[in-house]
Every structure is written in structure tokens, then in C-alpha cells.
Number of protein chains: 2
Amino acid sequence: MAALTGRASFGRQRARAARGRAGARSIKRFSRLFASRLSKGLHLRRITIADIAQRAGVSTGAVSYALNDRPGVSADTRARILAIAGELGWEPSSAARSLSGARTETVGLVLARDPNTLGFESFYMQFIAGIESELAKRSYGLLLQVVPDLEAEMRAYRKWRAARRVDGVVTVDLRLDDPRVPWLTEPDSIPAVLVGDPVLAGGLTSVWTDDASAMRESVRYLHAMGHRRIARVSGVKSFGHTQIRDDAFRDETARLGEEGQIGRTDYTPDQGAGATRTLLTRADRPTAIIYDNDVMALAGLGVANELGILVPAELSIIAWDDSPLCVATYPRLSALSHDVTSFGAHVARRLFDRIEGAKGGSFLDSTPTLRPRGTTARYVGP
Amino acid sequence: MAALTGRASFGRQRARAARGRAGARSIKRFSRLFASRLSKGLHLRRITIADIAQRAGVSTGAVSYALNDRPGVSADTRARILAIAGELGWEPSSAARSLSGARTETVGLVLARDPNTLGFESFYMQFIAGIESELAKRSYGLLLQVVPDLEAEMRAYRKWRAARRVDGVVTVDLRLDDPRVPWLTEPDSIPAVLVGDPVLAGGLTSVWTDDASAMRESVRYLHAMGHRRIARVSGVKSFGHTQIRDDAFRDETARLGEEGQIGRTDYTPDQGAGATRTLLTRADRPTAIIYDNDVMALAGLGVANELGILVPAELSIIAWDDSPLCVATYPRLSALSHDVTSFGAHVARRLFDRIEGAKGGSFLDSTPTLRPRGTTARYVGP
DNA sequence: CGTTTGGCCTGAACCGCTTAATGTGTTGGA
DNA sequence: TCCAACACATTAAGCGGTTCAGGCCAAACG
């Protein structure tokens with residue numbers, strides 16, 4: 001026995017211990033297991049680190065260290081454990097992990113929007129796809145919740161925090177004086193990345209696009225094309241980015257000596273069409289309209305067609321958020337193009353940084369660029 | 001002491017036990033806690049059922065029974081426990097719950113689609129919103145994963161099962177001979193609800209819409225309007241519902257003595273436009289086209305405009321899956337309308353039934369109904 | 001009046017993993 | 001040669017619930 005190597009003797013010890021433990025677990029335990037197997041139809045017991053430990057002749061602690069790539073095991077023990085884990089097809093129990101204080105391996109996203117209007121905001125789906133692309137790399141999951149309003153969103157956060165459900169959250173549609181900001185700033189809160197302008201994020205980590213610049217560029221572009229009456233059909237006023245675009249729009253039109261009109265909507269094509277109709281039936285109707293999303297731009301195009309106003313000869317149209325939709329219409333919609341999927345990925349990366357303890361900060365994503373297509377043209381007078 | 005009520009004496013016992021335990025936990029434990037408080041900035045310890053038990057003067061077991069609405073506690077003890085739990089703002093730890101074999105309170109959804117094409121399938125977002133509406137009622141969460149292909153989807157399922165991550169899954173985009181069906185049929189698999197025709201679901205629970213009827217109705221409608229050359233622009237061939245619609249389309253056109261053409265796409269507007277162009281530049285071009293989704297119908301409308309073909313005078317267009325998009329265009333798209341949000345809710349309800357042990361079965365959701373708008377009209381010859 | 005019965009509760013094991021604290025041999029230095 | 005330092009492992013105490021086998025006591029029964 002004394003001649004045995006350290007490992008072998010550990011192995012024996014281990015085996016003995018295991019046998020002892022199994023005995024101690026007694027008939028009670030066994031019968032319970034058996035009963036559950038019967039009732040649920042011969043379940044295969046799940047593979048745990050204890051199984052790996054037994055096979056490798058080490059303790060569960062060692063297995064845990066090895067599987068988590070932490071010091072405390074030798075290189076070859078680690079390799080052996082990893083091999084066995086692979087062979088057995090072991091998957092960590094996220095429940096056990098998070099219960100013992102480690103990561104949940106889940107991030108949360110709450111969408112506070114009317115379910116019925118959500119469907120045609122292609123932004124979210126693309127954004128989610130982008131987030132997922134990063135999560136997949138670290139085998140994280142995305143916990144999604146669709147709620148009617150901000151209060152419900154806060155409730156969801158509170159619940160997630162209390163239940164230790166997520167490691168972090170992505171927060172979208174920031175508002176002015178957003179209640180989520182102070183809440184997420186509390187010392188005990190969930191690590192978060194806010195999507196929106198730093199001025200709205202109150203020092204928390206934020207990822208943003210320079211919408212103001214994009215708006216200014218668009219206005220200048222239209223002005224240079226001879227447009228003198230430029231309008232904007234905007235989204236929900238309480239959203240921060242709406243205000244930012246509003247301000248930039250007003251500012252830039254004023255700077256160019258124009259009077260910029262703004263129509264207000266809830267992002268639905270219906271209201272987009274309504275706002276367009278209002279604008280186009282005025283005596284001094286605009287010769288160009290910038291829409292806050294693509295479906296409203298599409299709706300606007302429809303209204304123009306209906307009213308017999310030629311696009312782009314008599315009216316130029318620009319959509320915010322380029323999408324396949326924009327190239328599906330005829331004429332094709334000129335749009336402010338932004339890669340929403342990679343934006344989502346960017347957000348996810350920042351969230352991981354944050355989860356790993358990075359300090360807050362604001363990160364500028366690429367600025368939407370104007371992509372002129374068939375709905376913008378030089379304006380040559382009535 | 002003997003004169004005390006049972007409850008009061010239990011309370012004392014309990015308190016003593018608690019003190020004893022706290023003592024046994026020793027300085028080691030305390031210092032650890034303290035250290036973590038210091039490092040993370042005075043965390044409030046989370047509220048557990050032990051806290052509730054202590055306050056109520058009962059055991060944690062009793063608290064568990066009370067909170068889960070199970071027999072084993074008297075009505076007023078239950079009420080007292082519930083009150084204290086509310087007062088303390090207790091939230092169950094989902095990790096602890098799932099670890100001890102109970103529910104995860106999470107359902108999973110894997111979307112095997114190219115992230116870039118996902119954005120403009122309004123179907124999914126609406127569908128998800130519908131699912132969420134039911135989940136919210138039971139405070140379940142939705143774990144979402146976007147993957148590139150079926151294999152990755154299977155991996156996700158396997159992982160979720162191994163990690164006990166979800167209580168059930170919703171499976172979409174069924175195919176002929178879908179590998180997910182046998183997998184989900186295995187005795188040890190995850191409870192699932194399949195979205196698709198029962199013939200594809202192999203006995204598992206499925207929720208479906210009668211696409212064949214809807215297709216037949218559309219073809220008959222167009223035929224009755226004088227159309228004699230009806231075409232279809234379909235989606236991905238490997239999807240089961242594509243085949244079902246194909247078959248119904250071919251069958252019904254043949255029955256009416258027409259030759260029904262089918263163009264194949266991947267659901268993108270780009271390919272929808274391409275297929276339309278091919279169809280419309282033939283010598284005997286169709287006078288009506290039925291599209292498999294709304295964005296392709298939109299793209300088709302664009303191509304017709306571009307080619308100078310008048311819609312609906314010379315060409316009728318029908319979109320599958322009505323959406324706000326359909327009323328944003330000019331003319332408005334005639335569409336097969338289906339309430340996708342409530343469809344999602346229906347699916348979620350069936351999944352809960354399944355999780356609670358219901359047998360498989362197939363459930364017919366409402367059949368899409370044709371909603372004629374501006375893109376369908378009587379055909380009066382060339 | 002002794003004995004079931006049944007309602008309420010307690011105690012403690014257990015779920016699978018993490019992680020301090022605590023051994024053990026081995027080495028290297030004095 | 002002896003001891004400290006070190007590398008590797010083990011042990012066992014949690015994490016926060018669930019659940020089952022009792023225990024206790026009052027009511028019902030024979």
C-alpha cells in the first residue's frame with residue numbers, strides 16, 4: 001500500500017469513501033429513487049460531477065476546479081477530468097451553479113411595448129439576434145420578457161434580482177428621467193447595459209449611436225438637394241432618442257433657415273400614415289419627410305401614392321433604421337442604415353465586461369449612415 | 001410551559017433551534033459573510049424561507065407548504081406565512097427550486113433562422129409576444145435562443161435537458177421527417193408543443209392552423225374572380241407547412257383546371273422580388289400571385305410597379321400572414337389574416353397542459369381568413 | 001377509557017455545485 | 001537531517017428550496 005503512487009491511493013480512499021456514503025444513504029434513498037424511476041419511466045439519472053469524480057478517482061472539489069479552469073489540480077488530472085466529462089456528456093446544472101453563488105449564465109431583456117405593435121418593429125428581432133450571437137459564444141441564455149409598461153419592467157427587474165435569475169440585463173428605450181436608471185444604480189442592483197445616449201444613462205454603462213449627427217446629416221443632405229420644407233415624423237415622445245432626434249432636427253433646420261415640422265406617432269404604420277396625411281394636405285406641404293422607422297416611411301409612401309404625390313419628384317422620403325423592407329418597396333426607400341445585429345452584439349459584449357466587474361462608461365457604436373435610394377431626389381420646385 | 005399552546009411552544013423551540021444553529025455556524029461563517037459585505041458594499045442578505053419561518057415561528061417545511069399552496073398547514077398558519085412573505089418581499093429562488101427537482105419556471109424557444117433574415121419576419125415577434133402573455137400569468141420566463149441551423153437547435157435542447165434549464169419547449173418550423181420529433185418523443189425528453197400540422201408532429205402535442213383550407217379558399221376566390229393563371233411564391237421547401245401549402249395549391253389549381261406555378265424562396269424580399277420577376281416576365285404571366293409572407297408580397301408589389309404592371313387591374317396579390325405592413329402599402333395588401341399573438345398564447349397554454357402531464361394531442365387554431373383589400377380584383381382579360 | 005385516526009408540523013436528507021479550510025506528500029534550502 | 005514552502009487534493013459547509021418520514025395532540029371510535 002505504501003508503495004502505491006499518491007494518485008492510486010487517493011483513488012482507493014475515494015472509492016472506499018464512496019461506498020461508505022452510498023451505504024449511509026440507506027434504503028430509504030434507494031427506494032425513493034426507484035419509485036421515481038417507475039413513475040417517470042426509467043429515467044437515466046443525470047450525470048453529475050460526482051460521477052466524474054468517481055470515474056477519475058478524485059473528489060468533486062477537484063472536478064469542480066478542473067472544469068472551471070481554476071488552479072488546484074495538476075495539468076494531467078485536469079485533462080483526465082475534462083476527458084471523462086466529455087465522454088460522459090456532462091452538462092453543468094445551471095440551477096446548482098447559481099444556487100452556490102456562481103453565475104446564472106443568463107442575461108435578461110425586458111421589452112416594454114404593446115405586444116401588438118412589437119411585431120413590426122424589426123429592430124428588436126435583429127437586436128436580439130445580435131445579442132444572441134455573443135451569448136452563444138459563452139453559452140449564455142437570454143431571458144426575455146414582454147411587458148406592457150415601465151412599471152411592469154421594474155417589477156420584472158426586481159423579481160429577477162430577488163430570485164437571482166440573471167447575471168445582467170440589457171435596458172432599452174431609455175426615457176428622460178428614467179426610473180430604471182436610479183434603480184439600476186443602487187449598489188445591490190443588477191449589472192446593466194443601457195441602450196441609449198450617455199446623457200440618459202446617468203453614469204451607467206451605455207452603448208449608443210450618434211442619432212443627432214445622423215439627423216443633422218440627413219437634414220443637410222436634403223437641404224443641399226434643394227429641399228426647403230423638411231418635416232419629421234417621430235415616434236413616442238417620452239423616449240430619450242426621440243427627443244434627441246427632435247432637438248437635432250429642429251436645431252439643424254433652424255440653422256439652415258427652415259421651419260421644421262414634427263408629427264408625433266406611436267411608431268405604427270397607421271399613425272405614420274395619419275401624420276403623413278396631415279403634413280401633405282397642408283397648403284405649404286413639405287417636400288421631404290424623415291421618418292423614425294421603416295414601416296412608417298412605407299406607410300408614408302403609400303399615402304403619397306394615394307394622394308397622387310410623386311415620390312421622389314415631389315416628395316423625398318427617408319426612413320430611420322434601414323431594413324430589408326426598404327429595398328422591397330418601389331421605389332426603394334432611402335434610409336439611415338445601421339447594422340442593428342452587430343449593435344446588439346456590441347451591447348452584449350459590454351454587458352459581459354460589466355458582469356466581470358468593469359466600471360461604467362459610454363460606448364459609441366457606428367453612426368447610422370444615409371443610404372440614398374429611390375425615394376430621395378433633388379427638388380426642383382413645384 | 002405545558003400550558004402554552006402548541007404554536008407558542010413550537011415558536012420557542014424554533015427560536016432556540018435557530019439560535020443554536022446560528023451559534024454552530026460559528027465565526028468562520030460570520031467572517032465570510034462580513035467580508036463579502038465589505039467587498040460588495042453592504043449587501044442586504046436575501047430573504048429566504050428560513051427568515052419567514054423564523055418570523056412565523058414555524059419550520060421551513062411548513063413555509064414551503066404554505067407558499068406552494070399545498071396541504072400540510074392549517075388555514076391560519078398559511079395566511080400568516082403568506083402575510084409575512086409578502087411583508088418581507090420574499091421571492092422564490094428559482095435556482096433552489098429547480099435544484100430540488102421542482103419547476104424551473106422557464107420555457108424555451110429556439111429559433112433556427114439566419115439572424116439577418118429574422119428581423120423582418122414579424123411573425124416571430126408577435127408569436128413571442130403571445131407566448132409571453134400566457135407566461136406572465138404564471139410568472140414564467142421565456143428562454144430564447146437564436147441558432148443557425150437544426151443541429152444547433154438540437155444541441156440547445158440537449159443542453160437544456162441536461163442542465164434542467166427549462167420545463168418545456170415550443171418547437172417551430174417543423175419539417176418532413178424532422179429529427180426533433182423523435183428526439184422529443186424519447187421518454188426522457190423535454191415536454192414540448194410543436195407548432196405545425198399533426199401529420200408532422202408524430203403524436204406529440206401540436207397546435208396548428210389549417211393552411212391547406214386557407215390555401216384552397218384563396219385559390220377558389222381568385223378563380224371565382226376570373227383568374228385562370230394563379231401562381232404561388234413559396235418559402236423554404238424543407239418546412240412542413242411549405243409542403244402542405246404547396247400540395248393544397250397544386251391540388252386546388254388542378255381541380256379547377258388551372259396550371260399552378262410555384263416559385264421558391266427563402267422568405268427574403270430579395271428572393272420574393274426575384275421569383276416575382278421570373279413569373280411576370282413569362283409569356284403567359286400569371287394574373288394572380290399568392291405569397292408565403294408579407295414582405296415578399298410587398299416586394300412583389302414593388303416589382304409589378306417597376307414593370308408597369310397594374311395592381312390590381314392586371315395582377316392580384318395575396319400575402320400570407322396579415323400584418324400592419326399590409327395596410328401600410330398602397331394599394332393595401334390583401335392577406336390571409338391570422339391572429340398570431342393569440343396563436344402564441346394558445347401554444348403556451350397547451351405547453352402548460354403538457355408540463356402538467358397532459359397527453360399529446362393536436363389542437364387546431366383558427367384558420368387564416370382571406371381579407372381582400374386593394375391588391376385583389378376581378379380579372380377581366382388582357 | 002384506551003386506541004385509532006387524522007390534521008399540523010418538525011427534522012433532516014437531498015438536489016448539484018462552489019469554495020474555504022485543511023490535510024498530505026514532495027522539494028528545496030539551511 | 002530537519003523544516004518550511006509548495007503543489008495537489010480532500011473535506012465539508014453552505015446556497016435555498018422541496019419532500020418524506022415521523023412526532024404530537026386532540027377528536028372520534030369501539
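Residue numbers begin at 1 in each chain, while the letters A, B, ... track the order of the sequences.
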Query - Arg97(A) side-chain proximity, nearest of dT18(C), dT10(C), dG16(D) - result: dT18(C)

Report summary line: Picking from dT18(D), dT18(C), dC8(C), the nucleotide nearest the side-chain atoms of Thr60(B) would be dT18(D)

Requested in this report: Can you figure out which of dA9(D), dG16(C), dG16(D) approaches the side chain of Ala96(B) most closely?
Outcome: dG16(D)

Requested in this report: Mind checking Arg78(B) for me? I need base, sugar-phosphate or nothing, with any heavy atom below 4.0 Å counting as a touch.
Outcome: nothing

Query - Candidates dT18(C), dT18(D), dA9(D) - which lies nearest the side chain of Asn68(B) - result: dT18(D)

Query raised in the report: Do the side-chain N and O atoms of Tyr157(B) and Ser189(B) include a donor-acceptor pair separated by under 3.5 angstrom?
Result: no

**Report entry** Quiz item: cation-pi between Arg70(A) and Tyr65(A), 6.0 Å / 45°
**Finding:** no

Report task. On DNA chain C, check which nucleotide each of Leu67(A) and Leu99(B) is closest to and give me the residue with the more 5' one. Result -> Leu99(B)

Query raised in the report: Under 4.0 angstrom, heavy atoms only, what part of the nucleic acid is Thr48(B) near: base, sugar-phosphate, or nothing?
Result: sugar-phosphate

Query raised in the report: NA contact type, Ser93(A), heavy-atom cut-off 4.0 Å: base, sugar-phosphate, or nothing?
Result: sugar-phosphate

Quiz: residues 178-186 of chain A side-chain donor-acceptor pairs under 3.5 angstrom, not counting sequence neighbours:
unit_1	atom_1	unit_2	atom_2	d
Asp178(A)	OD1	Arg180(A)	N	2.8
Asp178(A)	OD1	Arg180(A)	NE	2.9
Asp178(A)	OD2	Arg175(A)	N	2.9
Asp178(A)	OD2	Arg180(A)	NE	3.2
Asp178(A)	OD2	Arg180(A)	NH2	2.6
Arg180(A)	NH1	Glu153(A)	OE1	3.1
Arg180(A)	NH1	Glu153(A)	OE2	2.7
Arg180(A)	NH1	Val172(A)	O	2.9
Arg180(A)	NH2	Val172(A)	O	3.2
Arg180(A)	NH2	Asp173(A)	O	2.8
Thr185(A)	OG1	Val181(A)	O	2.5

**Report entry** the helix from dC1(C)-dG30(D) to dA30(C)-dT1(D): angle between end helix axes, five pairs per end, rounded to 10 degrees
**Finding:** 60°

Query raised in the report: When the distance from CD of Gln54(A) to P of dG16(C) is rounded to whole Å, what number comes out?
Result: 14 Å

**Report entry** Counterpart residues, ring-ring contact (aromatic ring centres under 6.0 Å, His included), relative to Phe352(B) (two or more places apart)
**Finding:** Tyr140(B)

**Report entry** Most 5' of Ser64(B) and Gly61(A) on DNA chain D, judged by nearest nucleotide
**Finding:** Gly61(A)

**Report entry** Non-neighbouring partners of Arg155(B) that pass salt bridge (Lys or Arg N to Asp or Glu O under 4.0 Å), sequence neighbours left out
**Finding:** none

**Report entry** Residue pairs involving residues 84-94 of chain A (criterion salt bridge (charged side-chain N to carboxylate O under 4.0 Å, His left out); sequence neighbours excluded)
**Finding:** Arg55(A)-Glu87(A)

Query raised in the report: Could a donor-acceptor pair under 3.5 angstrom be found where the side chain of Tyr65(A) meets the base of dA20(C)?
Result: yes

Extract all donor-acceptor atom pairs below 3.5 Å that involve side chains of residues 104-112 of chain A and protein atoms in other chains or at least two apart in sequence.
unit_1	atom_1	unit_2	atom_2	d
Thr104(A)	OG1	Asp167(A)	OD1	2.8
Thr106(A)	OG1	Thr104(A)	O	3.1
Thr106(A)	OG1	Arg165(B)	NH2	2.2

**Report entry** Closest nucleotide among dA9(D), dC9(C), dT19(C) to the Val73(B) side chain
**Finding:** dC9(C)

Query - d(CZ, Arg70(A); P, dC17(C)) in whole Å - result: 15 Å

Query raised in the report: Among dC17(C), dG17(D), dT18(C), which is the nearest nucleotide to the side chain of Ser100(B)?
Result: dG17(D)

